[in-house]
Amino acid sequence: METSLSSVFRIVQLCSKLSGFVAYWSWQTPLAIREIGIKMKNLYGKALLTDPGLTKSTAFTREERERFGLRGLLPYEVASMHKQIERVLGSMRCKSSAIEKYIFLNALLERNQRLFYRTMIDHIEEIMPLVYTPTVGEACKKFAHIFRKPQGFYITPEDRGEIATILRNWPEEDIRVIVVTDGERILGLGDLGANGMGIPIGKVALYVACAGIHPAQCMPVMLDVGTNNVALREDPLYLGYPHPRIDAATYRALVDEFVQAVQLRYPHAVIQFEDFLTPHAFEFLERYNGQVRCFNDDIQGTAAVTLAGIYTSCRITGKQFADLNIMFLGTGSAASGTAELAVDAFVKAGLSNAEAQRRLWFIDRKGLITTANENIKPRIKPFIQAHAACSFAEAIDEIKPDVLIGATGVAGTFNEAIVRRMAAVNERPVIIALSNPTSHTECTAEQAYQWSDGRVIFASGSPFDPVRYGDTVFKPAQGNNAYIFPGIGLGVTASAARLVTQSMFLTAAEVLANTVTESEIRNGSVYPALTRVRDVSLAIAAAVCRVAMNEGLAESALPEDLNSYIRSLMYEPDY
Ligand SMILES: NC(=O)C1=CN([C@@H]2O[C@H](COP(=O)(O)OP(=O)(O)OC[C@H]3O[C@@H](n4cnc5c(N)ncnc54)[C@H](O)[C@@H]3O)[C@@H](O)[C@H]2O)C=CC1
Ligand SMILES: CC(=O)C(=O)O
Ligand SMILES: [Mg+2]
């Protein structure tokens with residue numbers, strides 16, 4: 001399979017070289033081509049009014065109403081998009097729960113794409129938590145019950161041998177970003193089977209809103225290989241493949257076939273692996289990363305966002321990055337991915353590889369991971385410390401970590417004693433509670449500020465409202481890979497980078513940290529305001545393009561004014 005995968009990829013590369021001019025031209029003009037496509041659709045009357053990509057609904061002008069057979073189909077008023085957004089927000093805010101708002105917004109996306117994305121971009125701080133974590137967690141749990149209309153692409157074991165054929169059913173010809181999950185580790189919620197489709201759908205919404213990848217160029221994919229979640233399988237409304245997860249060999253063959261089929265149908269697409277169980281996440285990253293354009297968001301995207309938060313924290317604490325000790329609770333994708341990228345960052349800061357590894361400390365359920373531990377996961381082995389066995393709390397007292405990172409998926413694992421200990425060994429303790437959704441966070445923002453007497457530098461995977469402590473109001477930042485993957489995807493799209501490399505994530509972390517302003521830092525935030533996320537993604541994309549050029553991976557010739565070029569590729573939803 002290894003051989004056949006690399007030969008498929010080599011053939012695709014060869015074809016793309018042979019048709020160099022055509023490939024270059026199509027990389028440079030994807031949106032123009034798409035706009036021509038839209039005009040050629042030539043829709044009229046009700047069909048135009050109900051086409052989610054083309055409708056302007058009440059904003060169709062009198063002239064358009066006349067020209068496109070819309071007279072009588074709309075109320076008199078010609079609304080501006082601004083007024084439509086006001087109406088959307090008014091209706092949405094009337095809903096009494098986050099999940100109702102999610103359903104409402106999803107229906108808007110199916111009705112009027114441009115209005116949905118304009119609303120999301122202009123009100124990103126309000127909308128993102130409804131479309132993404134934490135609400136997307138609840139939406140996944142209830143996916144089969146709130147399902148209204150199919151979105152995304154489903155592959156099951158019954159499609160074996162035919163994936164390349166059925167991919168032709170997807171109506172778009174120019175896919176640049178594929179977010180794929182098998183639903184086995186959805187946020188901190190475990191195996192949600194096909195219900196996990198909510199995650200690729202949410203991540204795609206972020207690609208569009210946060211980085212301006214055109215919605216038609218993004219594809220959510222569910223590799224529905226069954227679920228070991230018995231309650232789900234017994235749910236009469238469950239929509240997925242209603243069997244236990246398939247055996248390992250069939251599973252691997254299916255993933256291989258999917259990756260190969262993508263190379264044939266969508267050779268320009270970057271594959272983002274999302275929310276796979278950690279052993280599979282690492283296995284597929286190792287297997288495909290050097291061969292096809294792909295990355296794992298939970299390992300690499302998370303690593304970059306966490307590292308950026310650590311870099312920024314140094315601007316507050318005055319500590320040198322090269323002097324830090326970093327402790328992780330949890331040994332999964334998020335924690336080990338972050339540690340691996342931190343090694344690269346330490347080495348760049350002047351440490352040797354071995355010195356860098358000694359700065360990273362892992363805690364599991366039994367306490368500090370040391371040379372005395374048995375059955376250490378392969379990715380954790382480089383970080384085993386020659387230290388006496390001790391509990392989590394003792395490890396903080398003894399090692400005095402500058403930074404504590406939680407990636408357990410388990411609520412309350414940073415309890416009062418832990419936070420107080422971090423505050424006892426640091427003037428300004430840095431605590432990053434990565435786990436999602438909010439109900440699974442290691443500690444809340446309020447707890448972190450209370451238990452550290454207002455001294456903590458805090459970030460969390462899901463957003464928290466501002467916290468008042470004494471006279472100060474802190475605006476805790478959201479440490480989420482949403483700051484990273486959209487810019488990576490945009491940079492890879494812009495440069496046609498053949499592969500997605502670790503240095504792209506290191507550079508993304510540096511760029512993200514550099515975008516944080518002094519006033520954001522004063523508010524207690526180690527990440528930029530979400531309202532600036534499109535500019536942040538653009539900056540990351542430009543840096544990714546530079547890495548792609550330096551590493552000889554860019555298949556597209558890039559202009560000197562990278563920023564203007566990348567901005568010209570970004571989708572701006574407007575009428
Ligand atoms: N903020 C962000 O951008 C991201 C957040 N995450 C979140 O991080 C969490 C973990 O994700 P993965 O690393 O992929 O999961 P994982 O399941 O691979 O890792 C979880 C780790 O936590 C350990 N653990 C569980 N309970 C523990 C306890 N009480 N004490 C010590 N260790 C404990 C497990 O043994 C395991 O090593 C999830 O909630 C996920 O949503 C993941 C990726 C990105
Ligand atoms: C944010 C994310 O990717 C996760 O929690 O899995
Ligand atoms: Mg994830």
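The NZ atom of Lys141 sits 10.0 Å away from the CD1 atom of Ile99 when rounded to the nearest 0.5 Å. In this structure, CE on Met128 lies 13.0 Å from CD1 on Ile121, to the nearest 0.5 angstrom. For the atom pair Thr515 OG1 and Glu510 CD, the distance stands at 12.5 Å (nearest 0.5 Å). In this structure, CG in Asp364 is found 8.0 Å from NZ in Lys377, a value given to the nearest 0.5 Å. In this structure, CD1 on Ile299 lies 11.5 Å from CG on Asn481, to the nearest 0.5 angstrom. Taken to the nearest 0.5 Å, the OG1 atom of Thr181 stands 5.0 Å off from the CE atom of Met222.
Taking both residues in full, the closest heavy atoms of Val419 and Ala448 are given as CG1-O, 3.9 Å, listed atom of the first, atom of the second, then distance. Between Ala342 and Leu360, the shortest heavy-atom distance links the atoms CB-CD2, 4.0 Å.
Between Glu274 and Arg185 there is no salt bridge, since no side-chain N of the basic residue sits under 4.0 Å from a carboxylate O of the acidic one. By the 4.0 Å N-to-carboxylate-O rule, Lys203 lies close enough to Asp297 to be salt-bridged with it. Salt-bridge check for Lys475 with Asp465: failed, with every basic side-chain N at 4.0 Å or more from each acidic carboxylate O. Look at Arg498 and Glu551 and you find no salt bridge, because none of the NZ, NE, NH1 or NH2 atoms lies under 4.0 Å from a carboxylate O. Contact check on Lys142 versus Glu138 returns a salt bridge, with a Lys/Arg side-chain nitrogen under 4.0 Å from an Asp/Glu carboxylate oxygen. With respect to the salt-bridge test (charged N to carboxylate O, under 4.0 angstrom), the residues Asp402 and Arg428 do not qualify.
Under a 3.5 Å cut-off, the side chain of Asn195 and the backbone N or O of Cys140 do form a donor-acceptor pair. No side-chain donor-acceptor contact under 3.5 Å links Tyr241 to the backbone of Ile155. With hydrogens and angles disregarded, no donor-acceptor distance shorter than 3.5 Å links the side chain of Arg421 to the backbone of Asp397. Under the 3.5 Å distance criterion, the side-chain polar atoms of Glu184 are left unmatched by any main-chain donor or acceptor of Asp275. The backbone N or O of Ile521 sits nowhere less than 3.5 Å from a side-chain atom of Arg315 that would complete a donor-acceptor pair. Remark: side-chain polar atoms of Asn415 are not paired, donor with acceptor, to backbone N or O of Gly412 under 3.5 angstrom. When atom types are taken as modelled, the side chain of Glu520 and the backbone of Val516 share no donor-acceptor pair closer than 3.5 angstrom. A donor-acceptor contact shorter than 3.5 Å links the side chain of Ser391 to the backbone of Glu394. Checked by atom type and distance alone, the side chain of Asn289 never pairs as donor or acceptor with a backbone atom of Leu285 at under 3.5 Å. The backbone N or O of Ser462 lies less than 3.5 Å from a partner atom in the side chain of Asn436, making a donor-acceptor pair.
In this structure, Phe383 has its ring center no closer than 6.0 Å to that of Phe328. For Tyr251 and Phe284, the distance between ring centers is under 6.0 angstrom. Taking the six-membered ring wherever Trp is involved, the centroid distance between the rings of Phe295 and Phe273 does not fall below 6.0 Å.
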Evaluate the criterion side chain to side chain contact (heavy atoms under 4.5 Å, CB included) for residue pair Phe276 and Phe282; output intermediate values, then yes/no. CA-CA 9 Å; Phe276 281 75; Phe282 276 113; over 6 Å; no
Does Thr441 form a side-chain hydrogen bond (donor to acceptor under 3.5 Å, both in side chains) with Ser435? I'd like the steps, not just the answer. CA-CA 5 Å; Thr441 187; Ser435 292; over 6 Å; no
Any chance you could lay out the side-chain hydrogen bond (donor to acceptor under 3.5 Å, both in side chains) test for Tyr288 and Asp256, step after step, and finish with the verdict? CA-CA 9 Å; Tyr288 303 118; Asp256 251 356; 2.6 Å; yes
Are Phe392 and Ile396 close enough, and set up right, to give a side chain to side chain contact (heavy atoms under 4.5 Å, CB included), and what steps lead you there? CA-CA 7 Å; Phe392 180 20; Ile396 295 177; 3.8 Å; yes
What do the steps show when you test Thr371 against Gln385 for side-chain hydrogen bond (donor to acceptor under 3.5 Å, both in side chains), and what is the final call? CA-CA 6 Å; Thr371 40; Gln385 299 276 2; over 6 Å; no
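Side-chain atoms of Ser460 and Gln478 form no donor-acceptor pair, as typed in the model, at a separation below 3.5 Å. Under the 3.5 Å distance criterion, with hydrogens and angles disregarded, no donor-acceptor pair is assigned to the side chains of Tyr311 and Asn514.
Heavy atoms of other residues, nucleotides or ligands lying less than 6.0 angstrom from CD of Glu126 number more than 12. Atom NZ of Lys319 is surrounded by more than 12 heavy atoms from other residues, nucleotides or ligands within 6.0 Å. For Gln320, the CD atom sits in a loose shell: 12 or fewer heavy atoms of surrounding residues, nucleotides or ligands are nearer than 6.0 Å.
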Residues 483-492 side chain polar contacts: donor-acceptor under 3.5 Å, at least two apart:
from	atom 1	to	atom 2	distance (Å)
Tyr483	OH	Pro528	O	2.5

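Only one option out of Tyr469, Phe474, Phe464 pairs with Tyr449 in a ring-ring contact (aromatic ring centres under 6.0 Å, His included); it is Phe474.
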